[in-house]
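Notes follow the structure.
Reminder, nothing fancy here: chain letters follow the sequence lines and each chain counts from 1. Given the structure is predicted, the values throughout are model-derived calculations rather than measurements.
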Amino acid sequence: MTTLPDGRYIDPKPYEPDTGAEARHAELDMPNWMLVWRRFREHKLGLISGLFLLISYVMLPFAGFISPYTANERAPDHLYASPQGIHMFHEGKLIGPYVYPISAEVNLETFSWEYTPDYENPARLNFFCEGSYYKLAGFIKTNRHLVCAPEGATIFLLGADRLGRDVFSRILYGAQLSLTVGLVGISVSFLIGIVLGSIAGYFGGFLDWIINRVIEILRSLPELPLWLALSAAVPSHWGPVSVFFIISIILGILDWPGLARAVRSKFLSLREEEFVRAAEMMGAKPSRVIRKHLLPNFLSHLIASATLSIPAMILGETALSFLGLGLRAPAVSWGVMLNDAQNLASIEIYPWTAIPMLPIVIVVLAFNFFGDGLRDALDPNRA
Amino acid sequence: MTALLKVEGLTIGFGNAAPVVDDVSFSVDPGETLALVGESGSGKTLSCRAALRILPAVAQVRGGAVMLDGPDGPCDLMGLTERQMCYVRGNRVSMIFQEPMRSLSPLHRIGNQVIEVLRLHGTAKGQGARKRVLETFERVGFKDPERIYGSYPFELSGGMRQRAMIAMAIVGKPDLLIADEPTTALDVTTQAQVLGLIKEIQHETGMAMILVTHDLGVVANMADSVTVMNRGRVMEAGPAPLVLGSPQHGYTKELFAAAPMIPESSEQKAKDDGRDYILEMRNVSKTYTLKGKAPWHPKEHVYAVRGIEFGVERGKTLAVVGESGSGKTTCAHMALGAEWADPGAEILFKPEKGAEAVNLQELGSADRLAFQRKAQMVFQDPYSTLNPRMRVKDALCEPMEIHGLGTHGERIERATEMLRWVGLSENMLTRYPHAFSGGQRQRLSIARALMLGPMFLVCDEPTSALDVSVQEQVLQLLEEIRDRLNLSYMFISHDLAVVARIADEVAVMREGLVIEQGPPEALFYSPQHPYTKALLAAQPEPDINRPIDLQTVSQGAGKPTTWPEAFRFDDVTIPPLLETSPGHKVRCHV
């Protein structure tokens, strides 16, 4: 540091006045979603969960194709069949994927079914074979399956239930209802939550008061009995699809208060922003201010919070169906399947009947990780 | 003499990026005040925080030493353990932060927060500690230390809180006080008093101080030596009289040129009679009704604005000056019809000379839309004035969209033109606001206000959040546009120097009342009212030979009930606004 004789220091570098041309870097021109995507990529767990969920949802229309059996196809000779493995080598020889046929026997001491594999006759699996008829994506009637059991053998990857239905196939079919119940429910809850929340937050006053009291009343009701009461009101002669819709709408109707509160508080703080005032002073109508200025500014947060509340919907459906008040057979959902596993004794003897818990746990966790990752990526407080 | 604190070659960076503080050195002698001057982003706060090792977690110190002189010789603070550092903080070096609102915990009593310093360091205990805190309270100018001891931060005003912060900083009798923009958030009269207090305490205790500020006026009043920083580098450093008297470095010179000043000479302008007001406010009051403390208590009334009478002349600028809470922003909102005045008020808007005046109080919704086309507002905070989710293009076109003007092509064309007017290039149309600096955003905000071709603009402290050099550019732009489009401005500000530059007429407000009004020449060179005098005296000037006159400040800065007899007012008796000389009005008893 060189100091002049009078005790002052002057930067030796030649000085260029700031021309206002700020250093440009690509990040500045990026739209918001790209910035969010870049931050989301960092969150590995969230990324993996997101991919898993994407694959799960893409698979839904093709559940019938992937599963070897249809949902309600019975194998009367194989009640409570135990899970079968798929093998490649038979006596040191590669013969491709095959299973050992199993045959049932009643153990008269325990009164349970016992299965003995026939190790002599490995049965090779068939691919792209013809099985029972199902509807691909709900429209195209076909009987083509990715894989099906060979003649004289069965393929119960995760065992069979008390009516001899394949648990693995039923899990795939169940996903169709269990995974979408969350989406339908969340749309209902979003619609109500956003509309009421924005009215409360933007206009305030008496409307705000009314909406807040409704929220408080809804929140004070015990959830489970209310679900039960509402689903008990569903006429029992309705078809599975209409029951499904009613159930998801019930879940949505009970879920919106939390969302409405989030929307309301966000509105209250955003309303104070100067760009909102500016729009109002330009003469923008409330609907325009809400649509153009307020909602876009926290839609991303809403999406994150929605991802976090879908699991609650899935769990709600499962709980209702488990209690026998949600979806009912012949509809297949994870909750309906677990309904069969209510009997402790049967779980003890045939533990695979409780396997539908596994996809529930995995999907709920995946949604939580994914939502977490999204929320982190969207958090503007993170520099 | 060995320096008390010596920072050498300090380099700080974030991540892999180029350092934001680059080879910065400065030193403070015992009892001396060093001013670190620079604009936002110059690295002045980071350098200070590095000295106390309270940098954000993501910042890395890449080099340099911070030597603090102690009884057993200088030691490098960078090499101390966290435990040793705790001893240094608060005991030997303490810090005052910028925001008095946020640096005190809202849940604890002031006394408890201050006594914590003593307790943590084990300096004093029990009654002794309490006594020492009370003494310190008295020292920082609290009239009733006992009451302050037991009160919560929300019970105190901004200036009082900053005094409490100062008390907290000096109660441990530190050798060095680091004050990071201690007065930036305060009103100018309060700022003068707080600065005076700091100076006095420093004089008494002989502690050294590092004053971080962007305000050259504050520097001139406080500093013994000055270090000017820009973009993380020291530009110029030296004794205050030298650096302030004859700046050598290009950047320092620029900084001085940009600092707004109340001009020296008073040139009387010729007054033309028969004023043509574009907007005239007559008998405008605004009362807010609050709920009482309990349902059975009477409702409380807050008089935000009381009987305003002034007008904005066509093509001219009316400046409304006042401290926070004086009702100036409420005034602005009423002038744009965004808030209703109390019944009986008349706010007359005359779009053309000699045209029929419309009363904003009685506008129908269609007329209101037409009025909004002619009157627009420029906001204070450049960071919240633009919607972060809208591209510049959409933000600029929005006013025309709302009013259903033009086709898409015409809107874009107009937006491009406006961008050029405010000195930005048209390839910025597709960018998002986060790509712009504060000054550029304020330009965008001005461009948006101009989109509808207004004739009247309300500027609500448009430059108070900007750096001095940027402030200068924005003011220039505003003047340019006014002359080019024959606009009329209502300019709200707390900064007299800014007002002196742009205004044709100034109204000084206090507690909802205009207390003095007149052309800037009259107001600035023969102020009549003690509050105006205090405001002028409190304005820090970047001239080392013109210190703040604390005597005048203290006379006029207090509550209106403490003013001299002739000017005193309270809620019941309010003196009238009298014209003392042509165009110059003062609120006083006859």
Side-chain angles (χ1 to χ4, degrees), chain A residues 1-36 269-285 287-289 291-301 380 382-383, chain B residues 8-9 14 25 56 58 225 227 230-231 233-239 242-243 248-251 254 333 336-338 368-369 372-373 375-377 379-381 384-391 394-395 398-399 401-403 423 430-432 434-437 439-440 445 448-449 452 469-470 473:
Chain A
M1 192 159 158
T2 47
T3 321
L4 298 185
D6 54 2
R8 88 158 89 174
Y9 160 84
I10 292 172
D11 189 31
K13 264 199 193 170
Y15 170 67
E16 320 146 17
D18 199 351
T19 49
E22 87 281 32
R24 312 260 343 108
H25 48 106
E27 224 171 74
L28 291 182
D29 277 343
M30 275 186 201
N32 190 58
W33 64 265
M34 267 187 63
L35 293 172
V36 168
S269 68
L270 273 177
R271 203 174 53 169
E272 301 302 316
E273 294 280 329
E274 280 179 351
F275 63 82
V276 176
R277 279 215 85 105
E280 281 171 344
M281 281 193 182
M282 281 175 227
K285 295 198 172 60
S287 65
R288 186 190 169 91
V289 175
R291 243 179 331 110
K292 285 255 171 183
H293 293 280
L294 296 173
L295 279 182
N297 268 294
F298 70 102
L299 199 63
S300 43
H301 291 257
R382 248 182 41 155
Chain B
E8 265 169 29
F14 291 93
S25 308
V58 283
S225 59
T227 298
N230 182 32
R231 286 181 254 161
R233 292 182 59 83
V234 175
M235 293 283 120
E236 184 166 356
L242 270 179
V243 176
Q248 293 293 318
H249 196 277
Y251 176 71
E254 238 175 58
H333 286 166
L336 284 177
R368 173 171 296 277
L369 215 58
Q372 275 159 342
R373 223 174 278 177
Q376 286 290 322
M377 181 150 178
F379 290 86
Q380 174 174 6
D381 182 1
S384 89
T385 186
L386 295 168
N387 187 342
R389 292 293 150 87
M390 271 173 133
R391 289 174 193 274
D394 302 321
E398 197 189 13
E401 245 172 68
I402 291 173
H403 289 268
T430 51
R431 287 200 198 150
Y432 282 91
H434 62 233
F436 294 91
S437 67
Q440 287 174 321
S445 163
R448 180 179 60 186
L452 290 172
S469 57
V470 182
Q473 294 161 5

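No part of B/Asp394 comes within reach of chain A, as not one of its non-hydrogen atoms sits under 4.5 angstrom from that chain. Proximity to chain B (any heavy atom under 4.5 Å) is shown, for A/Lys285, by neither the backbone nor the side chain. Neither the backbone nor the side chain of A/Glu272 comes within contact range of chain B; no heavy atom of the residue lies under 4.5 Å from a heavy atom of that chain. Neither the backbone nor the side chain of B/Arg368 comes within less than 4.5 Å of any heavy atom of chain A.
Considering all non-hydrogen atoms of both residues, B/Val234 and B/Ser25 come closest at CG2-O, 4.0 Å. Considering all non-hydrogen atoms of both residues, A/Ala284 and B/Ile402 come closest at CB-CD1, 3.4 Å. Nearest heavy atoms, A/Phe275 versus B/Thr385: CB-O, 3.3 Å.
With chain B as the partner, the residue from A/Met281, A/Lys292, A/Glu273 showing the most heavy-atom pairs under 4.5 Å is A/Met281. No other option in B/Glu401, B/His403, B/Met377 has as many heavy-atom pairs under 4.5 Å with chain A as B/Glu401. The most heavy-atom pairs under 4.5 Å with chain A, out of B/Ala449, B/Gly337, B/Ala338, B/Pro388, come from B/Pro388. Between chain A and the options B/Gln380, B/Gln372, B/Arg389, heavy-atom pairs under 4.5 Å are most frequent for B/Arg389.
The CG atom of B/Leu386 sits 11.5 Å away from atom CD of B/Gln440, with the distance rounded to the nearest 0.5 Å.
By the side-chain hydrogen bond (donor to acceptor under 3.5 Å, both in side chains) test, B/Ser469 pairs with B/Glu39, sequence neighbours left out. Judged as a side-chain hydrogen bond (donor to acceptor under 3.5 Å, both in side chains), and not counting sequence neighbours, the contacts of B/Glu398 are A/Arg288, A/His293.
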